[in-house]
J.: 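Just passing along the structure, written as structure tokens.
All of these numbers come straight from a predicted model, not from anything done at the bench. Below, all heavy atoms of this structure are taken into account, side chains as well, without hydrogens, waters or symmetry copies. Index from 1, following the sequence.
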Amino acid sequence: MWIATDPDHTARAVDLARIALGGQGIRIGPADWPTSSSAERRKLLRDALRLTLWRATGSTGAWLAPQVVARKRADCGV
């Protein structure tokens with residue numbers, strides 16, 4: 001499986017896809033592997049932890065930050 005995304009997000013998208021789909025025997029790789037910035041590495045760690053929580057519990061952990069959920073819902077008009 002190939003992932004097409006903004007070059008700034010490629011490393012993070014590939015790593016998260018490997019966590020989410022790698023156990024299914026699906027090989028994942030980027031067309032090009034850019035160097036991640038420190039901000040992208042922090043986002044990767046955050047997203048990897050959230051994905052691991054979701055796979056283990058079925059919950060995204062949104063209840064841990066209700067103010068963030070409320071802001072996102074308001075931004076989307078929900």
Side-chain angles (χ1 to χ4, degrees):
M1 169 184 279
W2 291 95
I3 295 177
T5 186
D6 183 275
D8 292 337
H9 304 290
T10 300
R12 191 167 108 225
V14 168
D15 286 342
L16 293 173
R18 285 182 177 153
I19 292 169
L21 303 171
Q24 305 298 316
I26 299 171
R27 289 183 41 189
I28 293 135
D32 186 33
W33 192 271
T35 304
S36 296
S37 66
S38 62
E40 280 298 307
R41 285 191 293 274
R42 282 192 302 276
K43 290 177 187 177
L44 171 60
L45 178 60
R46 177 201 65 200
D47 292 347
L49 290 171
R50 185 174 14 197
L51 180 56
T52 302
L53 174 67
W54 172 74
R55 287 190 70 190
T57 67
S59 170
T60 61
W63 54 272
L64 293 170
Q67 69 280 6
V68 174
V69 173
R71 187 187 78 237
K72 287 183 178 183
R73 285 185 177 156
D75 289 347
C76 294
V78 176

J.: Please name all residues satisfying side chain to side chain contact (heavy atoms under 4.5 Å, CB included) with A74, sequence neighbours left out, ordered by chain then number.
T.: none

J.: Not counting sequence neighbours, which residues clear side chain to side chain contact (heavy atoms under 4.5 Å, CB included) with A48? List them please.
T.: L16, I19

J.: Scan residues 44-58 for pairs that pass salt bridge (charged side-chain N to carboxylate O under 4.0 Å, His left out), counting only residues two or more places apart or in two chains.
T.: R12-D47, D47-R50

J.: Give me each pair satisfying salt bridge (charged side-chain N to carboxylate O under 4.0 Å, His left out) with a member in residues 66-78, each pair once, sequence neighbours excluded.
T.: none

J.: Could you list the cluster mates of L49? Members are the ILVMFWY residues connected by side-chain heavy atoms closer than 4.5 Å, either directly or through other members.
T.: L45

